[in-house]
Amino acid sequence: MAGVVHRHHHFARRGYRQRVYVERTKPLEQYTTVELYVRFCFGKADIEYLVNLLWPKLQHRTQRSHGLSVEDQILIALRLYACGTFYQVVDYMGVVKSAVCDVVRDVSIALASLVNEFVSFPKDNQIAQAKRNFFLLGNMPNTIGAIDCTHVHIQAPRENEWEFINRKGRHSINVQLVCDADLIITNCVVKWPGSVHDARILRDSALYGDLQTNRPDGIILGDSAYPLLPWLMTPFLTANTPAQARFNTAHCRARCAIERLNGVLKRRFACLNYLRAEPQKACNITLACIVLHNIATKRNVPLCADNDAPEPLGDPDQPPAFCQNEQTGRATRDAIVRHYF
């Protein structure tokens, strides 16, 4: 519902513009819980939680003349994340496009700054729980995470445009995600242009350095685009024995968590299917959606049943040469097959 527009003809003389005032809607008062979920992906209690969470970072904007409240700022950003177009935000919230751009920028930066608070790799007692959940999911033992990359398509950047063209010929940011069996994101890398290979992103990530130095008490599952490492298990390209076939089946069932996550993330936040934004702003919006996804998952925010489909799979590129620890990784995988399958 668009806001009510009032026109005041204070300046009748030729050459003066009419002043237009827009009466903003009050979504938390106007919409039912179901309607809030549909329009903003969050219910009233969840939105109030976000207002309290982001108040210290956003309240300064309300000091400006005709400034938007923290609640209004969050609702504007949530509406854009949910629908992906500025025009629907203007229609529902009764604000001009330039204000929407400023608000989305500020809210996205505020949420992105909280990524280390809401996205963390499992530790101590969390590891045992992660292993149990993955085993229940696909009978895959000792698993604490699944890794994959997903592309967030963007408009053609003004600088270094060629770097962002992915293998499908579209401009994108290549986003690395690690998740647990409950689709909680436990690690993310959001900075690489679409032309960069998944294995390269992993190799240059802080996660790779940490796990190479301090081998985790468990393994991460990846597809054939990744190297085989002591802590990173990939499937057998050819299953030569029944045990290897059973390993591949269990690996596929457990690794489906990351495929489901990629699908859920882009269905919950439609803006991630295509962002009309420069790379840095696109990265901030993506990080904001990652933080919001974890908040929504932990708070049991409902998602429509038809939003739970996995992202379509493409044929993975061949990974670059990645020899370090590959022999040890093969030995680890063979040991898992002998012991469990």
Side-chain angles (χ1 to χ4, degrees), residues 1-8 10 17-115 117-118 155 268-272 274-278 280-296 299 301:
M1 178 186 297
V4 179
V5 178
H6 301 282
R7 300 182 183 273
H8 296 270
H10 289 293
R17 293 181 179 179
Q18 297 177 356
R19 292 193 293 179
V20 180
Y21 298 96
V22 178
E23 183 180 320
R24 300 189 187 108
T25 60
K26 297 292 184 182
L28 294 189
E29 301 173 6
Q30 178 179 349
Y31 298 126
T32 66
T33 299
V34 173
E35 289 172 331
L36 288 172
Y37 284 134
V38 170
R39 289 167 171 79
F40 303 101
C41 293
F42 288 90
K44 182 176 181 180
D46 308 308
I47 293 169
E48 290 172 346
Y49 168 82
L50 292 172
V51 170
N52 292 330
L53 178 69
L54 298 177
W55 183 275
K57 298 178 182 294
L58 297 176
Q59 59 89 21
H60 69 279
R61 285 182 56 86
T62 65
Q63 307 302 321
R64 303 177 187 174
S65 177
H66 304 294
L68 293 161
S69 69
V70 173
E71 179 184 301
D72 285 339
Q73 294 174 62
I74 291 172
L75 287 169
I76 288 168
L78 290 179
R79 182 61 187 155
L80 178 72
Y81 301 153
C83 70
T85 64
F86 285 97
Y87 299 105
Q88 289 195 42
V89 180
V90 172
D91 181 42
Y92 274 101
M93 300 299 298
V95 292
V96 297
K97 184 178 178 180
S98 60
V100 172
C101 292
D102 290 343
V103 167
V104 170
R105 178 198 63 212
D106 289 353
V107 174
S108 297
I109 291 173
L111 284 166
S113 71
L114 300 174
V115 68
E117 180 178 340
F118 287 94
Q155 68 182 15
R268 190 188 294 276
F269 304 112
C271 68
L272 297 182
Y274 178 71
L275 283 169
R276 297 183 63 87
E278 288 295 310
Q280 185 56 60
K281 184 174 182 179
C283 287
N284 286 334
I285 291 175
T286 303
L287 283 169
C289 291
I290 287 171
V291 170
L292 288 171
H293 167 81
N294 276 4
I295 291 173
R299 292 179 61 86
V301 175

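In this text, all values refer to a predicted model and were calculated from it rather than measured experimentally.
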Trainee: Between atom CD1 of Ile295 and atom CG of Leu111, what is the distance when rounded to the nearest 0.5 Å?
Mentor: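 Output value for this atom pair is 6.5 Å.
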Trainee: Nearest 0.5 Å, what's the CG-CD1 distance between Asn52 and Ile74?
Mentor: 8.5 Å
Trainee: Tell me every residue that passes side chain to side chain donor-acceptor pair (under 3.5 Å) with Thr286, counting only those two or more places apart in sequence or in another chain.
Mentor: none
Trainee: What distance separates Lys281 NZ from Ile109 CD1, expressed to the nearest 0.5 Å?
Mentor: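 Rounded to the nearest 0.5 Å, the NZ-CD1 separation comes out at 9.5 Å.
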Trainee: Could you state the interatomic distance from SG (Cys283) to CG (Leu275), rounded to the nearest 0.5 Å?
Mentor: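 Reported value, rounded in 0.5 Å steps: 9.5 Å.
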Trainee: Counting only pairs under 3.5 Å, give me each side-chain donor-acceptor contact of residues 41-50, with atom names and distances, residues two or more places apart or in other chains.
Mentor:
from, atom 1, to, atom 2, distance (Å)
Asp46, OD1, Arg299, NE, 2.8
Asp46, OD1, Arg299, NH2, 3.2
Asp46, OD2, Gly43, N, 3.0

Trainee: Where is the tightest heavy-atom contact between Gln73 and Val107, given as atom of each residue plus distance?
Mentor: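 Nearest heavy atoms, Gln73 then Val107: O-CG2, 3.7 Å.
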Trainee: Supply the atom-to-atom distance Cys289 SG to Asn284 CG, rounded to the nearest 0.5 angstrom.
Mentor: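 Atom-to-atom, Cys289:SG and Asn284:CG are 11.0 Å apart.
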Trainee: With sequence neighbours excluded, tell me which residues meet salt bridge (charged side-chain N to carboxylate O under 4.0 Å, His left out) with Glu278.
Mentor: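 Result, salt bridge (charged side-chain N to carboxylate O under 4.0 Å, His left out) vs Glu278: Arg158.
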Trainee: Can you say whether the rings of Tyr81 and Phe269 are parallel (under 30°), tilted (30 to 60°) or perpendicular (over 60°)?
Mentor: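 Judged by the thresholds at 30° and 60°, the geometry between Tyr81 and Phe269 is perpendicular.
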Trainee: For a 4.5 angstrom cut-off between non-hydrogen side-chain atoms, does Leu114 reach Leu53?
Mentor: yes
Trainee: What's the separation between atom CG in Leu292 and atom CD1 in Ile285, rounded to the nearest 0.5 Å?
Mentor: 11.5 Å
